[in-house]
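Okay, structure first, notes after.
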Protein chains: 2
Amino acid sequence: MIGQRMKYLRQSKKMTQSELAEKLNITRGTYAHYEIEKRKPDYDTLQKIADFYDVSTDYLLGRTEQQTSTKNSAPFDPLQELNKIFEKYDVQDAGFWDIEKWKEMTPEDLRSLEDYFEYLYNKSKNRQHKDNKFEEVDDI
Amino acid sequence: MIGQRMKYLRQSKKMTQSELAEKLNITRGTYAHYEIEKRKPDYDTLQKIADFYDVSTDYLLGRTEQQTSTKNSAPFDPLQELNKIFEKYDVQDAGFWDIEKWKEMTPEDLRSLEDYFEYLYNKSKNRQHKDNKFEEVDDI
DNA sequence: ACCTTTTGTAGCGATTTGCGACTTTATAGT
DNA sequence: ACTATAAAGTCGCAAATCGCTACAAAAGGT
């Protein structure tokens, strides 16, 4: 399936395998294998292909007929999201957050942080400081 | 990224790695590697994961924050599409099409068929039966 | 028919995967 | 707090897969 779609997309752009391979930083031989489905591109290349044609990986994999890429136009910004949470829980940035690390954070990390804040919030309500479920947040 | 998301999805369903592994027909050890990103699932497993959680592969791969799967609710039906083409080109099913084979056909195959019909159509207009560009259609 | 471009296909070294077994960490019950 | 049990992380190895280079076949153009 993926081979068919790659071939179709390539031809509709009237490009040769060589040209595509160059875009993807692989040799033409390697690329050729994809189209005839003897090999599969690694995840990195798969995404490059999806990016190049602006289609979804689901389309390439044949999970959907909609080509339309669902890729975010405005990429996820961890710092911005962090501030939202700060506001929500009325936290003032005390300066002990390692901003550099936060740049690497995923949406899932953010959710963890929210869980943590919520936990702190609940704790402050009934002052039970024994539970150490979240004690290892220092690695955030 | 994919590991984080898999872990998040699994936990939000309150499942263990063992349970997930069973669903995906892999061993727990193998599954564990995915979450900590030491290994990557093959394409087949990736799609099983996406199917199981009903999210897009783009989401799993971190290309988008939208979980929503773009998978077709009504899957592509080759036979139905075939009939549309038959109608369009006024072909009557002479019974020499191997229906079983057609069940495997992709949208791209359909496009090829349309090209073929169009070719036949053009040929019939100026009776030039020498060009054998489409001579090998018997493998469709 | 001939030459050029493009595509398909081994062969092979190197990388990566999946499994099973073992270790470490977390959870629960008393 | 202590122990037992479950869950998650990690290692070594066999097997599968990948990417490259080189060669073969097909397609296109003159």
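Remember, it's a predicted structure, so these values are computed and weren't measured experimentally. Just so it is clear: chains get the letters A, B, ... in the order the sequence lines come, proteins before strands, and each one is counted from 1.
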Output the rounded distance in Å from CG (D42(B)) to P (dA15(D)).
19 Å

Between K23(B) and Y31(B), is NZ or CZ placed under 6.0 angstrom from the six-membered ring centre and within 45° of the ring axis?
no

Which sits closer to the 5' end of DNA chain C, R28(B) or K40(B), going by the nucleotide each is nearest to?
K40(B)

Closest nucleotide among dG20(C), dT7(C), dC12(C) to the R39(A) side chain
dC12(C)

Taking the six-membered ring where the residue is Trp, are the ring centres of Y43(A) and Y43(B) under 6.0 Å apart?
yes

Starting at CG of D44(B) and ending at C1' of dT17(D), how long is that distance when rounded to a whole Å?
15 Å

Whole angstrom is fine here: how far is it from CD1 in I36(A) over to P in dT6(C)?
18 Å

With sequence neighbours excluded, what pairs up with R10(A) under the side chain to side chain donor-acceptor pair (under 3.5 Å) test?
E35(A)

Using the side chain to side chain contact (heavy atoms under 4.5 Å, CB included) rule, take I26(B) and Y34(B) through it: C-alpha gap first, then chi angles, then the decisive distance, then the call.
CA-CA 11 Å; I26(B) 53 179; Y34(B) 300 158; 3.5 Å; yes

For atom CD of E22(A), is the number of surrounding heavy atoms from other residues, nucleotides or ligands below 6.0 Å larger than 12?
no

Whole angstroms only, please: what is the OH-P distance between Y31(A) and dT7(C)?
9 Å

Rounded distance (Å) that lies between atom C1' of dC20(D) and atom CG of L24(A):
16 Å

Tell me which of K7(B) and I26(A) sits closer to the 5' end of DNA chain D, going by the nucleotide each one is nearest to.
K7(B)

Per atom distances to the A32(B) side chain, the nearest of dT9(C), dG12(D), dT10(D) is dT10(D)

Bend angle of the helix from dA1(C)-dT30(D) to dT30(C)-dA1(D), from helix axes over five pairs at each end, nearest 10°
50°

Could you tell me whether R63(B) and D51(A) have a side-chain N and a carboxylate O separated by less than 4.0 Å?
yes

Specify the separation, in whole Å, of atom CD of E37(A) and atom P of dT9(C).
12 Å

Within the 4.0 Å heavy-atom criterion, would you say Y43(B) contacts the bases, only the backbone, or no part of the nucleic acid?
nothing

For dT17(C), does either OP1 or OP2 sit under 4.0 Å from a side-chain N or O belonging to Y34(B)?
no

Whole angstrom is fine here: how far is it from CG in N25(B) over to P in dG18(C)?
13 Å

For DNA chain C, determine which residues of residues 12-22 of chain A have any heavy atom closer than 4.0 angstrom to one of its atoms, and list them numerically.
T16(A), Q17(A)

With a cut-off of 6.0 Å (strictly less than), are more than 12 heavy atoms of other residues, nucleotides or ligands near NZ of K38(B)?
no

Quick one: E35(A) CD to dG8(C) P, roughly how many Å, whole number?
6 Å

Mind listing the closest non-hydrogen atom pair of L46(B) and P41(B) along with its distance?
N-CB, 4.1 Å

Would you say T27(B) places a side-chain N or O within less than 4.0 Å of OP1 or OP2 belonging to dC19(C)?
yes

Working to the nearest 0.5 angstrom, can you tell me the gap between K14(B) NZ and E19(B) CD?
12.5 Å

Check against salt bridge (Lys or Arg N to Asp or Glu O under 4.0 Å), E65(A) and R5(A)
CA-CA 10 Å; E65(A) 308 315 323; R5(A) 302 220 150 160; 2.5 Å; yes

